[in-house]
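Structure first, then comments.
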Number of protein chains: 2
Amino acid sequence: MYRLTNSLPYMLNRVGVRMGDLFSRRIAGYGVTLPMYRAMAALWEVGDQRLGDLAAMTTIEISTLSRLVGEMKRRGLVTRTRLKDNARTVAINLTPKGRALAEELIPIAVHFENVAVRNFPSKNISDLKSVLAEIYDSLNSIEPEIEEVNKARKAARTKT
Amino acid sequence: MYRLTNSLPYMLNRVGVRMGDLFSRRIAGYGVTLPMYRAMAALWEVGDQRLGDLAAMTTIEISTLSRLVGEMKRRGLVTRTRLKDNARTVAINLTPKGRALAEELIPIAVHFENVAVRNFPSKNISDLKSVLAEIYDSLNSIEPEIEEVNKARKAARTKT
DNA sequence: ACATGTCATTTGCAAATGCAATTATTGTCT
DNA sequence: AGACAATAATTGCATTTGCAAATGACATGT
């Protein structure tokens, strides 16, 4: 028998939201929101990203991210420069100030995660992570199948 | 070395958002949003809930949920009745119409999840789920520890 | 019984979000 | 080269969100 509370999307959302919320509050004192932290940490990991790539990496909707990057630029945390060779794209980078802040926050994130999972064998956690990564990858390939209904609707709408 | 993309909150959020997004689109044709589905499925699983309990169960912020329940009531999916013996709380229930819609959507959710995880041994998935449940439970107990900084701030503010 | 405190929900309001349309640039076809 | 399509990012606008304040109801102490 089906139970929402035993379904995977529900369980993922619940833990994800809760952890995000706790971490949010942990870093609020630095004037940094969770999406901001994610953007900074993503840029710290892979610099010189285009907006679309950063959106994909952080799972932040692109227009939201555009404004977020604007705000971060205003605060002097990132630069956003049009490329000379392809001026419709933009390269986003951490400024020294942004990098310093990221490097201040990352240890907090590490500690947070350590505390959150300290009751579990590290094998369990690494298994968990690899399954999560695999599921994420597999979602791309099943997307068409899941959306069969939508595709039909879209097609009908397009014809009109 | 730290990588955002290998951190647990990030990975959870990424898979959760992606799955939620896909499922959202899958049920959009029924005029139902994802939070609405969650509320209905939660009530289907445990009926006669108070607003606060339903909020805890669905991880939806309580004022958001209050409005969502209002909308669902307007659509005839749920009832919201003040209790006679304790009129400050409210009991929320599915209407027959709401129940019927829930029972139409649940098989879709089941199918969605089956497709999403079909490439993985079911052992892996059940392990995944039990770790997720345990982590969630453990978060309550570590909350104070994670928030030590905030607590200090709050205490200071209260004294003022 | 009254005042004060606590609990559950709702609402006001400002900020955040996301879709669709717009702008700006590059790519392609003839 | 010129027209048209495609790509990338931004912005307009309506909706959604969440915090904090307000409301309404019960609980407790005197």
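By convention in this document, chain letters (A, B, ...) are assigned in the order of the sequence lines, proteins followed by strands, and residues within each chain are numbered from 1. Note that these values count all heavy atoms, side chains included, but never hydrogens, waters or copies made by symmetry.
The aromatic rings of B/Phe112 and B/Phe23 sit tilted relative to each other, their planes meeting at an angle between 30° and 60°.
For the pair A/Glu61 CD and D/dA14 P, the interatomic distance rounds to 18 Å; values are reported in whole Å. A/Leu51 places its CG atom 11 Å from the P atom of D/dT11, with the value rounded to the nearest Å. The distance from atom CG of A/Asp85 to atom P of D/dT7 is 18 Å, rounded to the nearest whole Å. Per the geometry, CG belonging to A/Leu65 stands 14 Å off P belonging to C/dC19, to the nearest Å. Taking atom CG of residue B/Leu34 and atom C1' of nucleotide D/dT17, one finds them 15 Å apart after rounding to whole Å. When rounded to the nearest whole Å, the span between NZ of A/Lys73 and P of D/dA9 equals 14 Å. Atom CG of A/Leu68 is separated from atom C1' of C/dG18 by 14 Å (rounded to the nearest Å). Put simply, CD1 on B/Ile62 is 13 Å from P on C/dC7, counting in whole angstrom units.
One finds the OG atom of B/Ser130 at 10.0 Å from the CG atom of A/Asn6 (value rounded to the nearest 0.5 Å). To the nearest 0.5 Å, atom CG of residue A/Leu4 and atom CE of residue B/Met40 are 11.0 Å apart.
A salt bridge is absent between B/Arg67 and B/Glu71: the closest approach of a Lys/Arg side-chain nitrogen to an acidic carboxylate oxygen does not fall below 4.0 angstrom. Using a cutoff of 4.0 Å between basic side-chain nitrogens and carboxylate oxygens, B/Lys129 and B/Glu113 are scored as salt-bridged.
Residue B/Ser63 is in base contact, counting any heavy-atom pair closer than 4.0 Å across all strands shown. A/Arg67 comes within 4.0 angstrom of a base, heavy atoms only.
Here B/Arg88 does not reach the OP1 or OP2 of D/dC26: none of its side-chain N or O atoms lies under 4.0 Å away. Residue B/Arg80 places at least one side-chain N or O under 4.0 Å from the OP1 or OP2 atom of C/dT10. One finds a side-chain N or O of B/Ser66 lying less than 4.0 angstrom from the OP1 or OP2 phosphate oxygen of C/dT10. Between B/Arg82 and D/dA25, a side-chain N or O to OP1/OP2 separation shorter than 4.0 Å is absent. Between B/Thr64 and D/dG18 there is a side-chain polar atom (N or O) within less than 4.0 angstrom of OP1 or OP2.
Along DNA chain D, the nucleotide nearest A/Ala91 and the nucleotide nearest A/Asp21 are compared for position; the residue whose nucleotide lies closer to the 5' end is A/Ala91. Sequence order on DNA chain C of the closest nucleotides to B/Arg50 and A/Leu83 puts B/Arg50 first from the 5' end.
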